[in-house]
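Each chain gets a letter, A, B and so on, in the order its sequence line appears, and its residues count up from 1.
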Number of protein chains: 2
Amino acid sequence: MKQTGDLNLVKKINKSIVLHHIRTDSPISRARIAEITGLTKATVSSLVNELIESSLVDEIGAGESSGGRKPMMLLFNGTAGYAIGVDLGVHDILAVLTDLTGKVISEKRVQHDNASVEAVIQLLRTTIRELIDSAPQSTYGIIGIGIGVPGICDDDGNLLFAPNLSWENVPLQKDIEETFHIPVVIDNEANAGAVGEKQFGAGKDTANLVYISIGIGIGAGIIIKGELYRGATGFSGEIGHISIQHDGPKCRCGSLGCWELYASEHALLEQARLELGEPAQLDKLLSKAEAGDEKVIALFERLGYYLGVGVVNIINGYNPEFIILGGRLAGAEKWLMKPLLQLLEKRSLPLPRKRLNVEFSQLSDRSTVLGAASFAVSKFFASTTVSIDGN
Amino acid sequence: MKQTGDLNLVKKINKSIVLHHIRTDSPISRARIAEITGLTKATVSSLVNELIESSLVDEIGAGESSGGRKPMMLLFNGTAGYAIGVDLGVHDILAVLTDLTGKVISEKRVQHDNASVEAVIQLLRTTIRELIDSAPQSTYGIIGIGIGVPGICDDDGNLLFAPNLSWENVPLQKDIEETFHIPVVIDNEANAGAVGEKQFGAGKDTANLVYISIGIGIGAGIIIKGELYRGATGFSGEIGHISIQHDGPKCRCGSLGCWELYASEHALLEQARLELGEPAQLDKLLSKAEAGDEKVIALFERLGYYLGVGVVNIINGYNPEFIILGGRLAGAEKWLMKPLLQLLEKRSLPLPRKRLNVEFSQLSDRSTVLGAASFAVSKFFASTTVSIDGN
DNA sequence: TAAGTTTGTTTAATGAATTTACAAACTTTC
DNA sequence: GAAAGTTTGTAAATTCATTAAACAAACTTA
């Protein structure tokens, strides 16, 4: 049933507000937190002391006086525990160990050939195990594992469908949880990427952003009012399958003229094959474009146009403040950005466009893995701020 | 800053939970509410008695015993106050007086020729005045006015842009508030329609629905987790301007191939003119189709196809549980539904479609006006208790 | 050195929920 | 029809997080 109100809830709310300010505005004093939040000094003091008790906050010494007693400055203790983030890709696994602030402590990257589901999961297990073993000693240890996957998940952490891996109904969360006995969160790689960008990338101060992952297909993570939008049944953002040509070519999803048939890596390589007369690879196309090959540059520019078509749809449909383009094709920003922006200028409604930013990701291929780690940290705080005192 | 927690908040939360159950599950006893919510009987008793004190709840006598003392049944007192809902259309105004349950008490419908902004607003004022005067005596009187408008609004109740009225920057909320000194809420007609459908129509038990208003243009109201999704800058759902043909004909919005160029009433009439060689009107086309005119039926069926194209995009983009089609064209359900469903069957991804319903509105042209009244009621409860969101 | 400011803690008060107890009103059972 | 058990709703005592007020410590300024 719905959450009712009691004193426990009040404390949980206030404690997480206090912790939030220590995490984002640190170093900060108790008095300043009281001033910002409207809580009394006594309340803040009490909550801060509990947070110190539980190792999540440290006092780092006196700050500058503003005409009276010097304030004791507080800092979030990012090393009270560690999280693991994983980007389970189609051809590789990228995994990081981060502290509670999201700072990367160590990183592993391994290739896989997707020989079997079990083989990949086994590789995943050994990769995670190595990172766990590399973690420094800490109060809470490894507090969780977040995994971004190239497919659709349900609420129970099952990977329902991952077309580019040809996986179906893999109980990934349960599997990894049983291996390590640590809380595991599974989510779509674009959702994870969106969270990564919001926490650590260009979207830091934004509550409404759309992260578009342009890879073999196109996926999107949508953050509304600071929260991921998952749709009714736990997955949305199948934005790659928004049709931009109702009578266009058939997509494997059953529809016609889907955006990702025009604006994905797969689409680019297919066009390159048709126009250049030979199978192409992304890195080769990139170096050719870099060398000034006009035919290849034209290919990228056309891709930029098609990206723009879909971005206009996203603007009109979601009215975000921020659109961040990421994924493998983010490396082609140089040639994609201009035609994309030109199209936006011409085609998007002026009102939704007013307060909008469109940028390529600054985190390169780490948006997803950082977001995944962030899922684990969020889950930890969601479960802890309530019962951390133990009473 | 963010809302902090205190005893007041706890009480607000619990009081609104209790009221929510009385509103939705009535008649209901105190004991049953305690059982459902997890609150203690003492707490429920105390809160219920305050609600009775404030006239929002009535005791209606003893219910059936289940083996012990008979329970005292509680009922929400819908007549403690009245709300006004308005659908400000392009050619007419529909306004209703409802009680707090949304039951329509009286109704007014007037035509207008949009001679000037001031003339329409004056007509709006006299219409509202008549409804106010027709309201029965009650504890709280007229608790608010909600207005659905065919355009884009900002948070301050300004009608920024209404293309089909040719209005721009009209401070409608302020204007009506100053006339009646009653709280006024302004919102887009599709947003109001979505809320109307959720409260009173087909979407009653749904937290995630999209209401598509097919009128002269196409608008949409999107409800996510029981709340309207407004986008970053207060308006979204410009779904009519999602392109379904990236190189299609130019739309007045600047883009090419927008959905509403294919699937709106305007589009239908334009096609009718081209194919039948004479200017057409919707009601005439409807009667011709009714009479079995195959050419006209084919027009509707093609419209159904184009509706489906956009609906597939909405399914893939928002993954709602429920899509409700409303607006003037809802009257053509008979010919639109079949090609629409056929298209969905063929083109939408199986997973998002699984738990999805697509229906035409049952409220005919009252979705918007009922939703608008509901806005006023919600605002009233938000100020007295705390927002009542429907699970 | 004295006066004023700022920080953070202590103490008492507030009030909403919980726990426990209980009376009243019913039904069931023998 | 009386006794036993159940259900409903209220009352009294307790709990606990917040607030308000007072205060000591630490610092700046004049």
Student: Rounding to a whole Å, what distance do you find between A:Ile17:CD1 and D:dT18:C1'?
Tutor: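 To the nearest whole Å, that distance equals 13 Å.
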
Student: Among the nucleotides C:dT19, C:dA17, D:dT8, which one has an atom lying closest to any side-chain atom of B:Ser66?
Tutor: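 The nucleotide sitting nearest to the side chain is D:dT8.
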
Student: If you apply the rule side chain to side chain contact (heavy atoms under 4.5 Å, CB included), what do you find for A:Asn77 with A:Leu56, and how did you get there?
Tutor: CA-CA 5 Å; A:Asn77 178 17; A:Leu56 290 175; 5.7 Å; no

Student: How many whole angstroms separate atom CG of B:Asn8 from atom C1' of D:dC16?
Tutor: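 Rounded to whole Å, this separation is 17 Å.
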
Student: Quickly work out the B:Leu39 CG to D:dG9 P distance and round it to whole Å.
Tutor: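 Those two atoms, CG and P, are 15 Å apart.
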
Student: Does atom CD (A:Glu53) have a neighbourhood of more than 12 heavy atoms from anything else shown, all under 6.0 Å?
Tutor: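 Check fails, neighbour count at 12 or below.
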
Student: Between A:Asp6 and A:Pro71, just flag the one whose closest nucleotide in DNA chain C comes earlier from the 5' side.
Tutor: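 By nearest-heavy-atom nucleotide position, the 5'-most residue is A:Pro71.
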
Student: Donor-acceptor pair, B:Ser46 side chain versus B:Ala42 backbone, under 3.5 Å?
Tutor: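 Such a contact is absent between B:Ser46 side chain and B:Ala42 backbone.
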
Student: Measure CD1/B:Ile33 against P/D:dT7 and give the value in whole Å, please.
Tutor: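 Checked: the CD1 to P distance equals 18 Å.
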
Student: Would you indicate what A:Lys41 reaches in the nucleic acid, counting non-hydrogen atoms under 4.0 angstrom: base, sugar-phosphate, or nothing?
Tutor: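 The answer is base, as A:Lys41 lies within the cut-off (heavy atoms under 4.0 Å) of a base atom.
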
Student: Looking for any heavy atom pair under 4.0 Å, which part of the strands does B:Ala62 touch: base, sugar-phosphate only, or nothing?
Tutor: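 B:Ala62: no heavy atom of the nucleic acid under 4.0 Å.
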
Student: Would you indicate what A:Thr43 reaches in the nucleic acid, counting non-hydrogen atoms under 4.0 angstrom: base, sugar-phosphate, or nothing?
Tutor: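 Base contact.
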
Student: Report which part of the nucleic acid A:Thr40 touches: base, sugar-phosphate, or nothing (heavy-atom distance under 4.0 Å, all strands).
Tutor: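 The residue A:Thr40 makes base contact.
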
Student: Under 4.0 Å, counting only non-hydrogen atoms across every strand here, what does A:Asn14 touch: a base, just sugar-phosphate, or nothing?
Tutor: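 Touches sugar-phosphate only.
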
Student: Measuring to OP1 and OP2 of C:dA16, would you say a side-chain N or O of B:Lys11 lies under 4.0 angstrom away?
Tutor: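 True: B:Lys11 side-chain N/O within range (under 4.0 Å) of C:dA16 OP1/OP2.
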
Student: For A:Ala31, which contact category applies under a 4.0 Å heavy-atom criterion: base, sugar-phosphate, or nothing?
Tutor: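 Touches sugar-phosphate only.
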
Student: Which nucleotide, C:dT18, D:dG9, D:dA26, lies nearest any side-chain atom of A:Arg69?
Tutor: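 The nucleotide sitting nearest to the side chain is D:dA26.
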
Student: Between C:dT7 atom P and A:Glu59 atom CD, what is the distance in whole Å?
Tutor: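 Interatomic distance, CD of A:Glu59 to P of C:dT7: 15 Å.
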
Student: Check the angle between the aromatic planes of B:Tyr140 and B:Phe380 and answer parallel, tilted or perpendicular using the 30° and 60° thresholds.
Tutor: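 Ring orientation of B:Tyr140 relative to B:Phe380: perpendicular.
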
Student: Calculate the interatomic distance between A:Arg32 atom CZ and C:dG8 atom C1'; express it in whole Å.
Tutor: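 To the nearest whole Å, that distance equals 16 Å.
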
Student: Does D:dC27 have OP1 or OP2 sitting under 4.0 Å from an N or O in the side chain of A:Ser65?
Tutor: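 Negative; the distance criterion is not met.
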
Student: Identify which nucleotide among C:dG8, C:dA16, C:dA25 has an atom closest to any side-chain atom of B:Leu7, counting heavy atoms from C-beta outward.
Tutor: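 Per side-chain heavy atoms of B:Leu7, the pick is C:dA16.
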
Student: C:dG15 P sits how many Å from B:Leu9 CG, rounded?
Tutor: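 Distance check: B:Leu9 CG to C:dG15 P gives 16 Å.
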
Student: Atom CD of A:Glu64 to atom C1' of C:dT5: distance rounded to whole Å?
Tutor: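 Going from CD in A:Glu64 over to C1' in C:dT5 covers 16 Å.
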
Student: Check this for me, if you would: do A:Lys174 and A:Glu177 make a salt bridge, where the nitrogen-to-carboxylate-oxygen distance has to be below 4.0 angstrom?
Tutor: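 Salt bridge absent between A:Lys174 and A:Glu177.
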
Student: Any side-chain donor-acceptor pair under 3.5 Å between B:Thr206 and B:Asn208?
Tutor: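 No.
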
Student: Of all the nucleotides listed (D:dG9, C:dT18, C:dC26), which has the minimum atom distance to the side chain of B:Lys70?
Tutor: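 Looking only at heavy atoms from C-beta outward on B:Lys70, the closest nucleotide is C:dC26.
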
Student: Just checking A:Ser46: base, sugar-phosphate only, or nothing, at a heavy-atom cut-off of under 4.0 Å?
Tutor: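 Result for A:Ser46 = nothing.
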
